[in-house]
Amino acid sequence: FIMLTYIFMLAWLGVTAFTSLPVYMYFNLWTICRNATIVDGANLCLDLRQYGIVTIGEEKKVCTTSESFIKMCDSNELNMTFHLFIVALAGAGAAVIAMVHYLMVLSANWAYVKDACRMQKYEDIKSKEEQELHDIHSTRSKERLNAYT
C-alpha cells in the first residue's frame with residue numbers, strides 16, 4: 001500500500017508540473033496584455049517558440065499591434081482560463097500535499113503495527129516463563145508439604 005501511494009504521489013507530482021506550464025504561459029500573456037493597455041503605442045511581442053508551441057524553425061510572434069491580440073486581451077475567456085488553470089494547479093498541489101501526508105501516516109501506522117506485533121510476542125514469551133516459574137514453585141511447595149506429612 002505504501003508503494004502504491006508513492007507511485008500515485010509521483011503521478012500527482014507530474015500533474016502538478018504539467019499544470020504549472022500553462023499558468024506560466026498565461027501569466028506572461030496576461031502581463032503583456034496589461035502592459036499593452038498601460039503603455040499606448042508600445043509594440044510588445046510574444047514569441048511562441050519559447051513555450052514549445054511551435055518548432056524553432058518557424059517564427060511565430062503574436063504582437064500587441066494586431067487586431068486578434070487586442071480582441072484576445074479584451075475577452076473574458078482569457079481571464080477565466082487563467083483563473084481555471086490556477087485552480088487546477090492549486091488542486092494538483094493540494095493532492096501532492098495530501099499524498100505526502102497520507103504516506104507519512106501510513107508509514108507511521110505500519111511501524112506501530114510492526115512494533116505492536118513484536119511487543120505481543122514478547123508479552124507471550126514473558127507470560128509463558130512466568131507460568132513455568134509459578135508451576136515450578138507450586139510443585140516444590142507441594143513436595144515440601146508431602147515431605148512433612
Side-chain angles (χ1 to χ4, degrees), residues 1-140:
F1 222 48
I2 292 173
M3 190 59 134
L4 186 67
T5 305
Y6 186 72
I7 290 169
F8 282 142
M9 193 236 358
L10 289 178
W12 274 106
L13 195 62
V15 169
T16 304
F18 282 121
T19 55
S20 67
L21 297 175
V23 169
Y24 173 71
M25 186 179 81
Y26 272 88
F27 178 74
N28 284 338
L29 192 62
W30 178 70
T31 305
I32 290 174
C33 285
R34 192 181 55 182
N35 289 339
T37 56
I38 292 173
V39 181
D40 289 333
N43 187 16
L44 303 172
C45 292
L46 178 69
D47 192 4
L48 298 177
R49 292 180 293 182
Q50 68 184 358
Y51 299 113
I53 296 172
V54 295
T55 60
I56 295 195
E58 298 178 43
E59 187 171 337
K60 284 275 194 175
K61 289 186 179 179
V62 178
C63 295
T64 57
T65 55
S66 68
E67 180 85 22
S68 61
F69 189 82
I70 294 170
K71 282 183 183 179
M72 180 183 64
C73 287
D74 290 338
S75 70
N76 288 335
E77 285 82 14
L78 177 71
N79 199 20
M80 181 63 129
T81 306
F82 179 55
H83 286 94
L84 289 176
F85 274 124
I86 289 174
V87 168
L89 177 63
V96 167
I97 291 171
M99 286 285 186
V100 168
H101 182 262
Y102 183 68
L103 237 152
M104 291 180 348
V105 168
L106 197 61
S107 298
N109 284 341
W110 181 75
Y112 177 75
V113 167
K114 188 175 177 183
D115 189 44
C117 287
R118 286 184 183 162
M119 186 59 91
Q120 184 64 38
K121 287 179 185 177
Y122 171 74
E123 291 293 328
D124 289 344
I125 291 171
K126 185 178 169 185
S127 166
K128 286 179 184 177
E129 285 180 357
E130 287 177 357
Q131 184 65 35
E132 286 176 5
L133 285 174
H134 180 67
D135 290 345
I136 291 171
H137 182 68
S138 65
T139 306
R140 285 186 181 166

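Residues satisfying the side chain to side chain contact (heavy atoms under 4.5 Å, CB included) criterion with Phe18, sequence neighbours excluded, are Leu21. Residues that satisfy the side chain to side chain contact (heavy atoms under 4.5 Å, CB included) test with Lys126, not counting sequence neighbours, are Tyr122, Glu130. Under the side chain to side chain contact (heavy atoms under 4.5 Å, CB included) criterion, Lys121 pairs with no residue at all, not counting sequence neighbours. Partners of Gln120 under the side-chain hydrogen bond (donor to acceptor under 3.5 Å, both in side chains) rule, at least two apart in sequence or in another chain, are Asp124.
For the atom pair OG of Ser20 and CE of Met25, the computed distance is 12.0 Å after rounding to the nearest 0.5 Å. Rounding to the nearest 0.5 Å gives a distance of 11.0 Å between CZ of Phe27 and CD1 of Ile32.
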Donor-acceptor pairs under 3.5 Å, side chain of residues 79-107 to any protein atom, not counting sequence neighbours: which ones?
| unit_1 | atom_1 | unit_2 | atom_2 | d |
| --- | --- | --- | --- | --- |
| Asn79 | OD1 | His83 | ND1 | 3.2 |
| Thr81 | OG1 | Glu77 | O | 2.6 |
| His83 | ND1 | Asn79 | O | 2.6 |
| Ser107 | OG | Leu103 | O | 2.9 |

Can you list, pair by pair, the side-chain donor-acceptor contacts under 3.5 Å of residues 108-116, counting residues two or more places apart and other chains?
none

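Screening residues 5-19 for side chain to side chain donor-acceptor pair (under 3.5 Å), with sequence neighbours left out, gives no hits.
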